[in-house]
Number of protein chains: 2
Amino acid sequence: METEQVGRRDEDRDVTRVDSLAREVFAGIANKWALLVINILGERTLRFTELRAEVEGISHKMLTQTLRGLERDGVVRRTVHPTVPPRVEYRLTEAGQALRGTVNGMCAWTRRYLDEIEGARRRFDARRADAAR
Amino acid sequence: METEQVGRRDEDRDVTRVDSLAREVFAGIANKWALLVINILGERTLRFTELRAEVEGISHKMLTQTLRGLERDGVVRRTVHPTVPPRVEYRLTEAGQALRGTVNGMCAWTRRYLDEIEGARRRFDARRADAAR
DNA sequence: CGGGATCCCGCGCGATACTG
DNA sequence: CAGTATCGCGCGGGATCCCG
């Protein structure tokens, strides 16, 4: 899992290039809130408020917004139980599940390199600090 | 590669939770410009201007900013050739290489589900449109 | 409880100009 | 060519209020 060799294929470029829909979709998930939400919903189905508690620091508005986006793209399924008070549950769709690996990869990477990164930052900041002297 | 089963481990939560450094780092790469740049530099080493041409739509300022961030976190290595005019090359570090798999995963996912997503969007928008009636 | 709508502030980001 | 700095505006996003 560590250093998997990846053969780039030409079509990979489509995402980064002209295809505007692909770019839009990519941008929609390549954002921290979306990824964090996917990461959490990967574990289990959650209600809005529960989810909000899990994703530390997200505002009410950003969560709804993120969820709408993911729902619209068919990554998340929203289920409303018509009770009172209402009970709304969010879970990953099939497509959403397919993203778990990727998202987990990013989390794993962060953990794996955290110390190195901390060091890299210190060195970088130090260099700049005395360059600014 | 498609639907890799991933066992969640408890530590995965660290990234999404209290550890502020991890969160910061995660947020740094979980953004579309950073991921696009990593994706492109995964292919080959590039100069600033070349890179700018590859990442369609990125502004001069955003590119520098993104590159500084990645350099600071030790994801990208910046090499200055003291010629005139200056030649500056960017390439992935070891840590950066380790991200390629993940980033490619996101690209692959986008391609793989693009049609489904397009359909999901149409249905979603249609539902809202007549709900708004 | 879930989530729309509105208001408004702050800063993200683009444009432009200047240095080495 | 690569990069920093400055300015200015536009909109992202938080706070708040209301509704089913």
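Quick note on labels: first sequence line is chain A, next is B, and so on, each numbered from 1.
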(Q) Heavy atoms only, 4.0 Å cut-off, all strands: where does A:Arg68 land among base, sugar-phosphate and nothing? (A)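 Answer is sugar-phosphate: A:Arg68 comes under 4.0 Å of backbone atoms only.
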request  = Pick base, sugar-phosphate or nothing for A:Arg47, based on heavy-atom distances below 4.0 Å to the nucleic acid.
outcome  =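 Sugar-phosphate only.
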Between [X] and [N], is there a contact of a side-chain N or O with OP1 or OP2 at under 4.0 Å?
X	N	answer
B:Tyr90	D:dC1	no
B:Arg52	D:dC1	no
A:Arg128	D:dT4	yes

Rounding to an integer number of Å, can you tell me how far [X] [atom1] sits from [N] [atom2]?
X	N	atom1	atom2	value
A:Arg87	C:dC1	CZ	P	11 Å
A:Ile58	D:dA15	CD1	P	13 Å
B:Leu67	D:dT4	CG	C1'	14 Å
B:Leu63	C:dG14	CG	P	11 Å
B:Gln65	C:dG12	CD	P	8 Å
B:Glu50	D:dC1	CD	P	11 Å
A:Lys61	C:dT6	NZ	P	11 Å
B:Asn31	C:dG12	CG	C1'	12 Å

Rounded to the nearest 0.5 Å, what separation is found between the CD1 atom of B:Ile40 and the CG atom of B:Leu46?
->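 Result: 7.5 Å between the selected atoms.
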Side chain of [X], heavy atoms from C-beta onward: which of [options] has the nearest atom to it?
X	options	value
B:Pro86	D:dG13, C:dG20, D:dT4	C:dG20
B:Phe48	D:dG20, D:dG3, D:dG13	D:dG3
B:Arg78	D:dG3, C:dC13, C:dG20	D:dG3

Are the charged groups of A:Arg121 and B:Glu24 less than 4.0 angstrom apart, N to O?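 Salt bridge present between A:Arg121 and B:Glu24.
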- Check for a donor-acceptor pair, side chain of B:Arg23 on one end and backbone N or O of A:Glu56 on the other, with a separation under 3.5 Å.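 At least one qualifying donor-acceptor pair exists.
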inquiry  = When you measure only distances, ignoring hydrogens and angles, does the side chain of A:His60 come within 3.5 Å of the base of D:dG14 through a donor and an acceptor?
reply    =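 By the distance-only test, no, there is no pair.
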According to the interplanar angle, ranging from 0 to 90°, do the rings of A:Phe48 and A:Tyr90 count as parallel (below 30°), tilted (30 to 60°) or perpendicular (above 60°)?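 The rings of A:Phe48 and A:Tyr90 sit tilted, inter-plane angle from 30° to 60°.
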task: Would you name the heavy atoms of A:Ala95 and B:Trp109 that are closest together and state the gap between them?
output: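 Here A:Ala95 and B:Trp109 meet closest at O-NE1, 2.9 Å.
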